[in-house]
Amino acid sequence: MSATITLQQLTDQLAALEAEAEAAIAAAAGTAELERLRLDLLGKKGRLSAVLGAMGQLPGEERPLVGQRANGLKEQVQESLGARLSQLKATALAEQIAQERLDVTAPSRYVPPGHRHPLQSTLEEILDIFAGLGYQMADGPEVESDHYNFTALNIPPHHPARDMQDTFYLDPGNLVPGGDLGERLLRTHTSPVQIRHLEANPPPVRIVAPGRVYRRDAVDATHSPVFHQVEVLALDEGLDFSHLRGTVTTFLQRFFGDLPVRFRASYFPFTEPSAEVDVQWRGRWLEVMGCGMVDPAVLEGLGIDPERWSGFAAGLGVERFCMVRHGIDDIRRLHTSDLRFLEQF
Ligand code: DAH
């Protein structure tokens, strides 16, 4: 029964295996398929091992012939596998590069990412006008001390503006450990920036200071516990009420258009005299800001000589400017991000 194999048969098998292996390697479409081929051809239980196993049936002197041939084939197959693998990798890389290429000559397709909130564009317009008048930007903290928010602005200890009804006081228990334990509050107006700026910058100064302010107001159509103000301060030699009037009128007419502006006598602790300013907007007088000549007591508190330096200050609410300009009837619309509203601007 000895179905012994002949040298010729084994040599034929090797030749057939070579042809088959080369064709399969060349046709392999991916690295996984290539790995399967490698195991099938060269693995322990692979086709080449099978041929080598059968070699034992040959007479001793014939074995080296087959052995040599088999080893040559093994090397050849390994080489082909390696070459095909690099080829596949190069193709994959080229494809990836082609796919990820950025065509800088493609026509642009601009998708706007959004646009300015009406409150922001109002603020920017206000600041632009003052920048055009030679004013610089200043700012200060929203968490303030009683001193800057009130005392230094000539608002004495029992002034109604300090009332708990109006001011958010911070719980001293929540203050930063090691911080000074003076009373802390959320600033109720941007006027403290006047003081902070003058402490750090000797006159002459011309500044605008925008920012958030806080008051214990219940929310309704015209009140919000957080809103925005812009503070204006000019201090120089020889400034008088006509400069205040001219500056405020110029500003209002640039913002609202060429409409009537009137000044009414009023009272603020940090200005003397003080005025409230109205604009005639669509037939009605609307109050839009407060202003006045800086009170000498404020300057004295800062060690600035009121005989030499004088100036004016003004404060306005950004929400109010925005609402008047755009005919918005409810301040809450500015603080709730309803796209149906915002998209109209
Ligand atoms: N600080 C005032 C307020 O919040 C507004 C104001 C009035 C500011 C007159 C001023 C000013 O600088 O001169 O109501």
Side-chain angles (χ1 to χ4, degrees), residues 123 126-127 130 133 135 137-142 144 146-156 159-163 165-168 185-198 203 205-217 222-236 239-249 251-252 261-279 286-299 301-302 304 306 309-321 331:
L123 177 60
I126 292 168
L127 297 176
F130 278 103
L133 296 173
Y135 285 69
M137 292 267 277
D139 67 4
E142 291 174 26
E144 260 302 3
D146 180 279
H147 172 77
Y148 286 107
N149 197 75
F150 295 126
T151 312
L153 287 161
N154 201 32
I155 303 172
H159 194 280
R162 296 187 177 219
D163 206 311
Q165 306 285 233
D166 298 320
T167 308
F168 286 110
L185 46 83
L186 295 180
R187 67 178 178 190
T188 59
H189 52 178
T190 44
S191 300
V193 183
Q194 292 187 33
I195 307 300
R196 289 187 176 272
H197 189 80
L198 285 173
V205 306
R206 279 173 179 72
I207 53 156
V208 264
R212 267 194 287 265
V213 301
Y214 302 83
R215 290 188 197 170
R216 287 172 66 112
D217 280 327
T222 54
H223 293 87
S224 162
V226 189
F227 60 103
H228 298 77
Q229 286 190 334
V230 172
E231 192 76 15
V232 183
L233 173 70
L235 196 65
D236 206 333
L239 291 182
D240 60 34
F241 201 88
S242 67
H243 297 105
L244 164 59
R245 217 186 148 96
T247 302
V248 167
T249 305
F251 159 65
L252 289 174
V261 174
R262 79 178 178 197
F263 288 69
R264 279 182 293 109
S266 184
Y267 171 78
F268 298 104
F270 37 91
T271 47
E272 179 58 33
S274 304
E276 270 165 318
V277 191
D278 305 332
V279 293
L286 293 179
E287 182 192 320
V288 289
M289 58 197 288
C291 61
M293 300 306 294
V294 178
D295 195 307
V298 172
L299 297 179
L302 287 161
I304 296 172
W309 302 101
S310 62
F312 55 84
L316 62 88
V318 183
E319 278 80 355
R320 178 138 177 86
F321 268 59
I331 195 172

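Ligands are counted one by one from 1 in listed order, and the atoms in each one are counted from 1 as well. Keep in mind that what you see is a predicted model, and the values were worked out from it rather than measured.
Classified by interplanar angle (parallel below 30°, tilted 30° to 60°, perpendicular above 60°), the ring pair H189/F150 is tilted. Taking the six-membered ring for Trp and thresholds of 30 and 60 degrees, F251 and F321 have nearly parallel ring planes, at less than 30 degrees apart.
Listed by atom number, the atoms of ligand 1 under 4.0 Å from R215 heavy atoms are 3 (C), 4 (O), 14 (O). Residue Q194 has at least one heavy-atom neighbour below 4.0 Å for each of these atoms of ligand 1: 12 (O). Per-residue contacts place G292 under 4.0 angstrom from the following atoms of ligand 1 (heavy atoms of the residue considered): 13 (O). Shown in contact with S191 at under 4.0 Å from a heavy atom are these atoms of ligand 1, numbered in order with element: 1 (N), 8 (C). The contact set between ligand 1 and Q229, taken as ligand atoms under 4.0 Å from a residue heavy atom, comprises 3 (C), 4 (O). If you number the atoms of ligand 1 from 1 as listed, the ones under 4.0 Å from a heavy atom of A314 come out as 8 (C), 10 (C), 11 (C), 12 (O), 13 (O). Atoms of ligand 1 found under 4.0 Å from any heavy atom of G315, numbered from 1 in the order shown, are 6 (C), 8 (C), 10 (C), 12 (O).
Heavy-atom neighbours of R212 CZ from other residues, nucleotides or ligands within 6.0 Å: at or below the threshold of 12.
Neither the backbone nor the side chain of S274 comes within contact range of ligand 1; no heavy atom lies under 4.0 Å. If you look at C291 next to ligand 1, the close heavy atoms, those under 4.0 Å, all belong to the backbone. Of all the heavy atoms of M289, none lies under 4.0 Å from any atom of ligand 1, so neither backbone nor side chain is involved.
For T188, no nitrogen or oxygen atom sits less than 3.5 Å from a nitrogen or oxygen atom of ligand 1, counting backbone and side chain alike. For ligand 1, the polar-atom distance check finds no N/O of T271 at less than 3.5 Å from any of the ligand's N/O atoms. For F268, no nitrogen or oxygen atom sits less than 3.5 Å from a nitrogen or oxygen atom of ligand 1, counting backbone and side chain alike.
A donor-acceptor contact closer than 3.5 angstrom links the side chains of R162 and T151. Looking at D240 and S310, their side chains never bring a donor and an acceptor atom within 3.5 Å of each other.
Between D166 and R216, none of the side-chain N atoms (NZ, or NE/NH1/NH2) sits under 4.0 Å from a carboxylate O, so this pair counts as no salt bridge. A salt bridge does not link E287 with R320: every distance from a Lys NZ or Arg NE/NH1/NH2 to an Asp or Glu carboxylate oxygen is 4.0 Å or more. One finds no salt bridge joining D139 and R196 here, because no Lys/Arg side-chain nitrogen approaches an Asp/Glu carboxylate oxygen to under 4.0 Å.
The closest non-hydrogen atom to atom 11 (C) of ligand 1, taken over Y267, F312, F227, F270, comes from F270.
Heavy-atom separations between M293 and ligand 1 are all 4.0 Å or longer.
In terms of protein heavy-atom proximity, atom 13 (O) of ligand 1 is nearest to A313 O, 3.1 Å. Atom 12 (O) of ligand 1 has its closest protein heavy atom at E231 OE2, 2.6 Å.
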**Study point:** Trace of the side chain to side chain contact (heavy atoms under 4.5 Å, CB included) decision for L153 with Y148
**Key:** CA-CA 7 Å; L153 287 161; Y148 286 107; over 6 Å; no
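Distance alone, capped at 3.5 Å, is enough to place a donor-acceptor pair between the N154 side chain and the P269 backbone.
Screening V213, I207, V208, T190 for a side-chain contact (heavy atoms from CB on, under 4.5 Å) involving E231 leaves a single residue, T190.
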